[in-house]
Amino acid sequence: VQLQASGGGLVQAGGSLRVSCSASGSTFGRAVMAWFRQAPGKQRELVARISSTGVTYVTESVKGRFTISRDNAKNTVYLQMNSQKPEDTAVYYCNTATRSFSWGQGTQVTVSS
């Protein structure tokens, strides 16, 4: 399975951005998918995950601001990011919740203050 994240960019604090991740292969629809992020000098961390049936979880630091969704027909998972903060600056990656696919390149999100 290949993962391709896109949609990152530069946004001002308080702004919004939506990142997308498309996956090849037929296993996407059954997988619990997740978004992770890695800021400079920090470990990669889980941001949000979504089950095959749409049950979601978001980490406390983004609760109320970020929303994860998926379109199984398009093999795509999304992360809508609202009310962004400078501390959201990171490279964003998608993978299964258990990190079982090979990592793609990720997409850079930079939030300016």
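What you see below is based on every heavy atom in this structure, not just the backbone, and it leaves out hydrogens, waters and symmetry mates. Each residue takes its place number in the sequence, starting with 1.
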Give a yes or no on whether the backbone of Val111 and the side-chain of Thr89 come within a donor-acceptor separation of less than 3.5 Å.
yes

Does some side-chain heavy atom of Phe101 sit less than 4.5 Å from a side-chain heavy atom of Gln2?
no

Leu79 to Ala48 - nearest heavy-atom pair and separation:
CD1-CB, 4.3 Å

Residues Arg99 and Arg44: closest non-hydrogen pair is NH2-O, 3.8 Å

Determine, step by step, whether Val58 and Thr56 satisfy the side-chain contact (heavy atoms from CB on, under 4.5 Å) criterion, reporting the C-alpha distance in whole Å, the side-chain angles of both residues, the deciding distance to 0.1 Å, and the verdict.
CA-CA 7 Å; Val58 294; Thr56 63; 5.6 Å; no

Quick one: are Tyr78 and Arg70 in side-chain contact, heavy atoms under 4.5 Å?
no

Taking C-beta and beyond as the side chain, do Arg37 and Tyr93 meet within less than 4.5 Å on heavy atoms?
no

Would you sort out whether Leu46 and Thr59 count as a side-chain contact (heavy atoms from CB on, under 4.5 Å), showing the intermediate values?
CA-CA 7 Å; Leu46 174 69; Thr59 195; 5.8 Å; no

Looking at side-chain heavy atoms only, is the closest gap between Leu17 and Val109 below 4.5 Å?
yes

Interatomic distance, Asp71 atom CG to Ser20 atom OG [nearest 0.5 angstrom]:
10.5 Å

Verify ring-ring contact (aromatic ring centres under 6.0 Å, His included) between Trp103 and Phe36, making sure each step is shown before the conclusion.
CA-CA 10 Å; Trp103 292 102; Phe36 300 83; 5.2 Å; yes

Ignoring hydrogens and angles, tell me if any N or O in the side chain of Arg49 forms a donor-acceptor pair with the backbone of Ala97 under 3.5 Å.
no

Pairwise side-chain contact, Asn82 with Ser16, heavy-atom cut-off 4.5 Å (strictly under):
yes

What verdict does the side-chain contact (heavy atoms from CB on, under 4.5 Å) test give for Asp88 and Arg65, after you've listed the backbone C-alpha separation in whole Å, the side-chain angles of each residue and the deciding distance to 0.1 Å?
CA-CA 11 Å; Asp88 295 327; Arg65 301 189 297 120; 2.7 Å; yes

Has Gln108 got more than 12 heavy atoms of other residues, nucleotides or ligands less than 6.0 Å from its CD?
yes

Check whether Tyr57 and Val47 end up in the same hydrophobic cluster, where Ile, Leu, Val, Met, Phe, Trp and Tyr are linked by side-chain heavy atoms less than 4.5 Å apart.
no

Can you name the nearest heavy-atom pair linking Ser24 to Val1, along with the distance?
O-CG1, 3.2 Å

On a heavy-atom basis, the closest approach of Ala13 and Ser113 is CB-CA, 4.3 Å

Closest non-hydrogen atoms of Gly8 and Val19, given as atom of the first, atom of the second and distance, are N-CG1, 3.8 Å

Working note: Ser51 + Thr53, criterion side chain to side chain donor-acceptor pair (under 3.5 Å); need CA distance, chi angles, decisive distance, verdict.
CA-CA 5 Å; Ser51 75; Thr53 57; 3.1 Å; yes

Side-chain heavy atoms of Val91 within contact of Thr107, under 4.5 Å:
no

Heavy-atom side-chain proximity of Trp35 to Ile50 below 4.5 angstrom:
no

May I have the step-by-step check of side-chain contact (heavy atoms from CB on, under 4.5 Å) for Val11 and Met81, ending in yes or no?
CA-CA 11 Å; Val11 63; Met81 302 179 286; over 6 Å; no

With a 4.5 Å limit on heavy-atom distance, are the side chains of Gln12 and Gln84 in contact?
no

Determine the minimum heavy-atom distance between Thr96 and Ala31, stating which atoms define it.
CG2-CB, 4.1 Å

Is a side-chain donor or acceptor of Asn75 paired with a backbone partner of Ala23 at a separation under 3.5 angstrom?
yes

